[in-house]
2 protein chains.
Amino acid sequence: MPRRPPALSVEPPRATIADVARAAGVHPSTVSRALNPDTRAMVTDAVAVRVAEAAEQLGWRPSMLAAGLRTRRSRTIGILVPDLVNPVFPPIVHAAEVRLAEAGYATLVANTDNDPDREAMMIERMAGHLVDGLMLASAAKGSQAVDLCRRRRIPTVLINRRLPGAEFSAVTNDDRHGMALAVEHLVALGHRRIAHLAGPSGISTAVDRRSGFRSAVRAAGLDPDLMPIMAADAYTIEAGRCAMERLLELGGFTAVAVANDLLALGAYDALGAAGLRVGPDVSVTGFNDMPFVDRISPPLTTIRIQHAEMGGRAAGLLLAAITEPATSRTDILLQPKLVVRHSTAAPEA
Amino acid sequence: MPRRPPALSVEPPRATIADVARAAGVHPSTVSRALNPDTRAMVTDAVAVRVAEAAEQLGWRPSMLAAGLRTRRSRTIGILVPDLVNPVFPPIVHAAEVRLAEAGYATLVANTDNDPDREAMMIERMAGHLVDGLMLASAAKGSQAVDLCRRRRIPTVLINRRLPGAEFSAVTNDDRHGMALAVEHLVALGHRRIAHLAGPSGISTAVDRRSGFRSAVRAAGLDPDLMPIMAADAYTIEAGRCAMERLLELGGFTAVAVANDLLALGAYDALGAAGLRVGPDVSVTGFNDMPFVDRISPPLTTIRIQHAEMGGRAAGLLLAAITEPATSRTDILLQPKLVVRHSTAAPEA
DNA sequence: CGCGCTTCTGCAATCGTTTGCAGAATTCGC
DNA sequence: GCGAATTCTGCAAACGATTGCAGAAGCGCG
């Protein structure tokens, strides 16, 4: 008496390895070995093809769940981004995806919405799915993310944002240098009073760019303490607008080096609302060179970071960490470059 | 002799339900019941708290793998998008995510890169992870996606794009009507010779907008066969530029209704290269009102689709399909609206 | 005090795969 | 042609949860 009901409907329930074994007249374990490329060599060719045919015939598909349960691996990588709507991230994610796909890993991306709780929840969820590794683009001060990953022993790399004490590899942009490029550009144009619109203080890119700003100003022979600085409380257009408004109240500058393109867009808004023209009246530099900032009005002078390189290198580091868990952390610092467009100009005489 | 090595290091391996059971002095099955909200009522309160404490103490986290293996559910939803770099999708995905999160579902998004093979691979992968449902924003002619989902019996909804014969619910935009809005606007401005830059022919949005274009032209008392039409072969800036160049060779129009904002950006490029000013010389309308098109130069007149609504409603439909698999397919058609900016103007006298 | 009825809890099978071990089959050398 | 060395293949025990079933308490009531 058959255990399964006949179920010879058009859609059989779902073939298991046992079904294949029965069809091929071998033991399930043999099927497993025949179908797994790594162990394929352990079985006779004749058996292997017979099994392969049976599997094909029955439309067998491996259950990652069951396999993962046993092997504790899933050939899947999780990517956590703070905000998918921010156009900086998709290119990074995409580059990582193609690199990982080459190595046979699928990627799952999750949005943390800049919310540490959601981030923790997502990490747990990813861990529950037994991801083989995690790429965190969402690192921020006060997040327990890296701690969770460490405790769960999930190979992890940080992208774009660093985290002070973390023992994980990171591939980031040279933010201090990038900001120096912006400042040097503005100084070369003749600006002497330059404001800085900084990012939220818990995020490494924000603090690095801020400190880079001060160093660069000093290097240019100017006094950083004379430069107005205002921090936005998120990397959003809205936050940029607010911060810029407060900066305008302070006054005393002819240019503003902004920590991020999204913030720069907000700055555009605030400047426009104050009746100032970006470029002629006050110069603005952004940071990231995210998609579309070359087409906005006026086109944004900004610091281009190597999005694709960042995603790709991070993927490589992660793959290395997975296959060779003992390797010590390695950091990669990518060099940005200045892209001059029309949001910057010489100050009025 | 203990089966597990002492491993009283700082990081115990990972508590299982059996460990919790031992600590609480009950049977594993009791732990399972106590910890699962649905079955929590089956055990005494005293036991439940004891178990909960033990679990907390040991840092127990459920293994979705193991649970899923048994229950065939994962409380996870997969979202497939054709191209994350296209800014239309992130807002839709985001809206879906919040709705699903409310219902206790986590989301995993995957990029198909407009590649049917990658799409199929991702669906298999998601199925392997036992996603409870799938949202497909990547539907295109010739894709086996829906067929796969049907065969695997995965509850599925289509977002943004329809698929002719599919038996799945879909929430889409009223593309024909949207295009009519654009045409009516151009006609009202005085245009009589209007070109259409269409999208790739395998995608429902492209064919609906194209047929909507012809209907609207006819409704305006003009002859659709006199209007130049050119299809791009992908929804990208580059494809838009190419198609626009070919349209310019044809000539004979004062305005062009473009099927998608990304294509419209390409059209901007081609027009600019030809020495024509968008707006004064030739009017351009886009479609989608994706982020940032309000800030480009000139700001794009376009058709706004309800991104958030779309993601949210699709999520709702999917949840319904999951809890009530028998419900028949229901389609939701969202109404777009015209947003007039500066890329359209009256034709020169 | 005993019986029947509830309410809890434990038992054991199950989900679909992988893998160490051992036995069977084959090959090879002499 | 026989024993040893080498392949293959089968067995069964995991992996970590869930759940139908049945036995054990706990309870009320006559």
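Naming: A, B, ... by sequence-line order, numbering from 1 per chain.
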Side chains of residues 42-60 of chain B: which donor-acceptor pairs under 3.5 Å do they make with residues two or more places apart or in other chains?
residue : atom : partner : partner atom : Å
B/Arg50 : NH1  : B/Ala24 : O            : 2.4

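- Partner of B/Met126 under the side chain to side chain contact (heavy atoms under 4.5 Å, CB included) criterion, chosen from B/Leu148, B/Ile79, B/Leu80, B/Ile154: B/Leu80.
- In this model, a side-chain donor or acceptor of A/Arg70 finds a partner on the base of C/dT18 within 3.5 Å.
- For the OP1/OP2 pair of D/dA17 and a distance below 4.0 Å, the side-chain nitrogens and oxygens of B/Trp60 include at least one atom meeting the criterion.
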Kindly indicate, with the supporting measurements, whether the criterion side chain to side chain donor-acceptor pair (under 3.5 Å) is fulfilled by A/His94 and B/Asp83. CA-CA 9 Å; A/His94 186 250; B/Asp83 176 16; 6.0 Å; no

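- The side chain of A/Ala67 lies closest to C/dT17, out of D/dC11, C/dC11, C/dT17.
- Backbone-only contact: A/Ser63 has heavy atoms under 4.0 Å from sugar-phosphate atoms and none from a base.
- Distances shown here put a side-chain N or O of B/Thr30 below 4.0 Å from the OP1 or OP2 atom of C/dG10.
- Rounded to whole Å, the distance from CG on A/Asp38 to C1' on C/dT19 is 13 Å.
- In this entry the distance linking CZ of A/Arg22 with P of C/dG16 reads 11 Å, nearest Å.
- When each of B/Met42 and B/Pro62 is assigned the nucleotide of DNA chain D bearing its nearest heavy atom, the one mapping closer to the 5' terminus is B/Pro62.
- Mapping B/His27 and B/Arg72 onto DNA chain C via the closest heavy atom, the residue that lands nearer the 5' end is B/His27.
- Computed from coordinates, the A/Arg40 CZ to D/dT9 P distance equals 11 Å when rounded to whole Å.
- Distance, B/Ile17 CD1 to C/dG10 C1': 14 Å, rounded to whole Å.
- With hydrogens and angles ignored, a donor-acceptor pair under 3.5 angstrom links the side chain of B/Arg33 to the base of C/dG10.
- As judged by a 4.0 angstrom heavy-atom cut-off over every strand, A/Ser32 is placed among the base-contacting residues.
- The backbone N or O of A/Pro28 lies less than 3.5 Å from no partner atom in the side chain of A/Ser32, so there is not a single donor-acceptor pair.
- Using a 4.0 Å heavy-atom cutoff across all strands shown, B/Met64 reaches no nucleic acid atom at all.
- By the salt bridge (Lys or Arg N to Asp or Glu O under 4.0 Å) test, B/Arg75 pairs with no residue at all, sequence neighbours left out.
- Regarding B/Arg50, its CZ atom lies at a distance of 14 Å from the P atom of C/dC8, rounded to whole Å.
- For the pair B/Leu69 and B/Val47, nearest-nucleotide mapping onto DNA chain C gives the more 5' position to B/Val47.
- The CG-P distance, from B/Leu58 to D/dG16, rounds to 14 Å in whole Å.
- One finds a side-chain N or O of B/Thr44 lying less than 4.0 angstrom from the OP1 or OP2 phosphate oxygen of C/dT9.
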